[in-house]
Amino acid sequence: MTVTPILELRGIDKSFGPVQVLHDVAFSAYPGEVTALVGDNGAGKSTLVKCIGGIHSFDAGEYLFEGERVQVNGPRDAAALGVEIVYQDLALCDNLDIVQNMFLGREKRRGPILDEATMEEMAARTLAGLSVRTVKSVRQQVSHLSGGQRQTVAIAKAVLWNGKVVILDEPTAALGVAQTAQVLELVRRLADNGLTVVLISHNLNDVFAVSDRIAALYLGRMAAQVRTTDVTQSQVVELITSGRSGDLGLATTNGATA
Amino acid sequence: MTTALHPEKTAAQPPSTVDGIRAVGRDYLDRLRGGELGSLPAILGLVVLCVIFAIMRPVFLSNLNFANLLTQGAGSIAIAMGLVFVLLLGEIDLSAGFASGVCAAVLAVLLTDQGWPWYSAVLAAVLTGMLIGLVLGVLVARIGIPSFVVTLAAFLAFQGIVLMLLEEGTNISINDPVILAIANDNLPPVLGWVLLGVGVGGFAAVQLRQMRNRRRRGLTTAPPVLVAARIGGLALLGGIAVHLLNQERSRSLVVDSVKGVPIVVPVIVALLVIGTFVLSRTSFGLHIYAVGGNHEAARRAGINVTAIRVSAFVICSSLAAVGGIIAASRGHSVDPNTGGSNVLLLAVGAAVIGGTSLFGGRGRLINAVLGGMVVAVIQNGMGLMGYSSGVKYAVTGSVLLVAAGVDALSRRRAVRR
């Protein structure tokens, strides 16, 4: 592999009190690719993402961004690097419109007055750049949007701030079939635009539909990181449920005998 | 207001006026159907009430009564405007009435007993309001006591403080001519017209500048006809009001001539304009809506939620102080009942009847003014019809309940979508 990963974690350990949640986890994500992060409930997906986003600190390990070691001590550090996380609950204000939500907390101003025109232009340009055609008007209130449209707004918000790495936490979990397709299409487009996308999902159909690589966590360890084209769904299921599949996966699966 | 996603397209072929108006109308209907009624029920209620009272008691429409209505409503409208800030966060301030009483008592003591000049006394009263708001806000936002409990406790405590300030219930009269003028004197008729001209001119300038700016950038704007209608409507309604208020309304010209816009009116309008500017054009205002809509999203967006909460309480109590000053002026005195009895409930009623949501996140300052007018019309009209206070309270209470019911139902409707 000659391409350097934009985001690379090495040997991450993380404990909450006496419980060790992550053991020596390595993870990397590449520009222009969708890396799917899969694993059963409690495998440590959310913890890993929160470590990447700076919400949790980790006990040991290295965080490399664009090949250089960095210190990420909080969400703002991660945002400064260009790491944006779209959480499952989206964190949108229903009573505000799309533009207001996209710029919330980072409004453009002229003197003390909000520069609505500039914000509206930037929001429209970002959505157009993502080829979003499902949103009628950027001045619509978010409460009037469908689940898929909300997800779109949340993703566009992450992209607006020149995010280099966009991490999506279960973006399709609450969506119907058509809207899931829309969102997956958008996820693919983000990567095709050169962004690094990390997709957390339970749905292997979604994972195989859009991802370039799959990282499978098993009981807090990275079972395997493989190219999507190199594996089958049943192999990934085995990685998720037992930590190994043939010659892939953990050599000795901790806890598998228990 | 619709804004197309692809600005270049709309810039190339601006939509025809008819289409534009139709789009605006459709958008408005959509919002009504979605449960965002805004001020519509209050405006309809106001019209219906005025028609009923005008038919039952023609004197309701007299110039004297029109001016009376405005000065009657002014105090609770000021308090209601402050409450809008707190209600936007989904909180409540039950102590706003007695906070206005405390501030009025501070004003009266300093003015009459200590002989302070009016401006220092007014400043002290407003600072008292800010301090009260700061304490309430810190207790709610930092300590985390529910606002209902904090302000209920404050409601009792402030009642006691008013009694202590007034030395067990004596009545302090206000003799300062400037303070008395606020709620009792009128602007010279010419000045009324000048202020209206400045107001309408300013509104037109802002609207047109905004429209030109957006046009230049190729963003869609409201149809020019609609903008013109808004400006014209404001000029017309304002013109009618100023004209009526400039008519002679003295009962006997021999004693005195009474005409002109009551001074409280420009005071309330100024508060309305400044407050609306803050809420709709600044980050601070946007953050208030954001915290009220989804405080977790606001927190994650890096907004200092605690500071926003505290400042909303500070603004609320400061405007309550203004309401207290107006009440003191109107009553020519401050007594233990200033800001007491029904003042708070009328103010909450004004905000909610006008269309401010009790669930936070929705509401504008104009809601407080319109709702305050509805409350004032009910009180005034039923008084003219000779109903007892008991009936007036019962009716006002029912209207508040209806307004809160409309709010709850429309919210349910909005959530269901």
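All chains are named by letter (A, B, ...) in the order of the sequence lines, taking the proteins before the strands, and each is independently numbered beginning at 1.
- Counting heavy-atom pairs closer than 4.5 Å to chain B, the top residue among A:Ile98, A:Leu96, A:Val142 is A:Leu96.
- Among A:Val83, A:Leu199, A:Val86, the single residue meeting the side chain to side chain contact (heavy atoms under 4.5 Å, CB included) criterion with A:Ile167 is A:Val83.
- Contact check on B:Arg362 versus A:Asp94 returns no salt bridge, with no Lys/Arg side-chain nitrogen under 4.0 Å from an Asp/Glu carboxylate oxygen.
- Not a single donor-acceptor pair under 3.5 Å links the side chain of B:Gln210 to the backbone N or O of B:Gln207.
- Between B:Leu272 and B:Val369 the shortest heavy-atom distance is CD1-CG2, 4.0 Å.
- Only the backbone of A:Leu92 comes within less than 4.5 Å of a heavy atom in chain B; its side chain stays farther off.
- Under a 4.0 Å N-O distance rule, the pair A:Glu120/B:Arg217 does not qualify as a salt bridge.
- Heavy-atom minimum distance, A:Ile52 versus A:Ala78: O-CB, 3.9 Å.
- Using a cut-off of 4.0 Å between Lys/Arg side-chain N and Asp/Glu carboxylate O, A:Glu170 and A:Lys45 are scored as not salt-bridged.
- For A:Ser146, the side chain to side chain contact (heavy atoms under 4.5 Å, CB included) test picks out A:Gln149, A:Gln179, with sequence neighbours left out.
- The existence of a salt bridge linking B:Glu296 and B:Arg299 is confirmed by a sub-4.0 Å separation between a basic side-chain nitrogen and an acidic carboxylate oxygen.
- Per-residue heavy-atom pair counts under 4.5 Å with chain A were compared for B:Gly361, B:Ala298, B:Ala297, B:Gly360, and the maximum is reached by B:Ala297.
- Among the residues in residues 279-288 of chain B, those with a non-hydrogen atom closer than 4.5 angstrom to a non-hydrogen atom of chain A are B:Ser280, B:Arg281, B:Thr282, B:Ser283, B:Leu286, B:His287.
- Ring orientation note: the planes of A:Trp161 and A:Phe103 are nearly perpendicular, at an angle over 60° on the 30°/60° scale.
- Remark: A:Thr172 engages A:Asp206 in a side-chain hydrogen bond (donor to acceptor under 3.5 Å, both in side chains) (not counting sequence neighbours).
- Residues of residues 347-358 of chain B never come closer than 4.5 Å to chain A when only heavy atoms are counted.
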